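What you see is a predicted model, and the numbers here were worked out from it, not measured in a lab.
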Amino acid sequence: MKQSIVHIALVVEDYDKAIDFYTNKLDFILVEDTYQAEQNKCWVVVSPRGTNGTTLLLAKASEPIQKDFVGNQAGGRVFLFLGTDDFNRDYRTMLERGIEFVREPKSADYGEVAVFKDLYENLWDLIQFSEGHPMGRRVESLCSGNS
């Protein structure tokens with residue numbers, strides 16, 4: 001059996017603001033932006049550039065209970081993990097683009113990591129795994145298309 005997690009839904013307040021943030025601040029690509037007339041919503045998918053891995057489905061909050069979770073989908077914990085092949089390059093670029101880091105870079109046995117906020121204050125790790133770490137090999141495989 002071969003399965004994969006295709007999308008992770010990220011609840012957002014506004015499609016255009018979310019698309020702008022992910023494509024211009026994080027340099028993701030817009031995979032799809034399709035209006036779904038029968039549900040009066042959009043199907044918006046973004047992905048880190050150069051990967052064949054899981055994508056983000058930007059899901060606009062449409063019910064009051066959903067609006068309560070915008071920016072707090074993980075109860076204040078780091079929610080998403082952005083793996084990179086060059087931590088220093090991406091960290092510098094993100095700072096230049098105005099990304100707010102709430103935990104400065106640190107070295108750990110698993111790699112280099114820093115925590116940043118997205119436009120709704122969800123917490124993310126920017127992480128480059130150490131050479132030989134199982135997740136590092138996975139990031140390399142996803143980025144090269146050899147999943």
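R97 is listed as a side-chain neighbour of D27, based on a closest heavy-atom distance under 4.5 Å. Side-chain contact between D14 and Y120 is present, with heavy atoms from C-beta onward closer than 4.5 Å. Within the 4.5 Å cutoff, the side chain of K17 has heavy atoms near those of the L119 side chain. Here the side chains of D118 and F79 are not in contact, with every heavy-atom distance at 4.5 Å or above. Side-chain contact between L57 and V44: absent, with no pair of heavy atoms (C-beta onward) separated by less than 4.5 Å. V113 has its side chain out of reach of F129: every pair of non-hydrogen atoms, C-beta onward, lies at least 4.5 Å apart. In this structure the side chain of V78 reaches within 4.5 angstrom of the side chain of V115, judged on heavy atoms. For the pair F28/R49, no side-chain contact is recorded, criterion being any heavy-atom separation below 4.5 Å from C-beta on.
Side chain of N88 to backbone of R92: no donor-acceptor contact under 3.5 angstrom is found. Remark: side-chain polar atoms of S47 are not paired, donor with acceptor, to backbone N or O of L56 under 3.5 angstrom. Although no hydrogens or angles enter the test, the distance criterion places a donor-acceptor pair under 3.5 Å between the side chain of Q66 and the main chain of S62.
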*Would you sort out whether F87 and L126 count as a side-chain contact (heavy atoms from CB on, under 4.5 Å), showing the intermediate values?*
CA-CA 7 Å; F87 180 87; L126 173 65; 3.9 Å; yes
*Step by step, work out the side-chain contact (heavy atoms from CB on, under 4.5 Å) result for E100 and F116.*
CA-CA 6 Å; E100 181 184 351; F116 68 94; over 6 Å; no
*Full working for side-chain contact (heavy atoms from CB on, under 4.5 Å) between N24 and I19*: CA-CA 8 Å; N24 292 316; I19 290 168; over 6 Å; no
*Kindly indicate, with the supporting measurements, whether the criterion side-chain contact (heavy atoms from CB on, under 4.5 Å) is fulfilled by I99 and F21.*
CA-CA 10 Å; I99 300 296; F21 178 84; 3.7 Å; yes
*Y91 and E96: CA distance, side-chain angles, deciding distance, side chain to side chain donor-acceptor pair (under 3.5 Å) verdict*: CA-CA 9 Å; Y91 178 72; E96 290 167 3; over 6 Å; no
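Interatomic distance, CD of E38 versus NZ of K41, reported as 9.0 Å (0.5 Å rounding). Atom CE of residue M94 and atom CZ of residue F101 lie 4.0 Å apart, to the nearest 0.5 angstrom. Atom CH2 of W124 is separated from atom NZ of K117 by 15.0 Å, given to the nearest 0.5 angstrom. The distance from atom CD of Q73 to atom CD1 of I8, rounded to the nearest 0.5 Å, is 9.5 Å. Taking OG1 of T51 as the start and CD1 of I29 as the end, the distance is 9.0 Å to the nearest 0.5 Å.
L26 and V70 fall within a single hydrophobic cluster, where Ile, Leu, Val, Met, Phe, Trp and Tyr are joined by side-chain heavy atoms under 4.5 Å apart, directly or via other members. Using a 4.5 Å cut-off between side-chain heavy atoms of Ile, Leu, Val, Met, Phe, Trp and Tyr, with links allowed through other members, L123 and L58 fall into different hydrophobic clusters. A single hydrophobic cluster is not seen to contain both L82 and V31; linkage of ILVMFWY side chains at heavy-atom distances under 4.5 Å, directly or through other members, places them apart. In the hydrophobic clustering of this structure, V46 groups with I5; members are Ile, Leu, Val, Met, Phe, Trp, Tyr whose side-chain heavy atoms approach within less than 4.5 Å, directly or through other members.
Minimum interatomic distance between T54 and P48 (heavy atoms only, all atoms of both residues): O-CD, 4.4 Å. Of all heavy-atom pairs spanning K60 and E13, the tightest one is CE-O, 3.4 Å. The two residues S130 and G111 come nearest to each other via the heavy atoms OG-N, 3.1 Å. Scanning all heavy atoms of the two residues, the minimum distance from R89 to D86 falls at N-OD1, 3.0 Å. Residues E104 and A114 approach most closely at C-CB, 4.0 Å, considering heavy atoms.
Under a cut-off of 6.0 angstrom, the local environment of CZ in F81 is crowded, with over 12 non-hydrogen atoms contributed by other residues, nucleotides or ligands.
At a cut-off of 3.5 Å, with distance as the only test, no side-chain donor of Y15 or D33 sits close to an acceptor on the other residue. Between the side chains of T84 and Q128, no donor-acceptor pair of N or O atoms lies under 3.5 Å.
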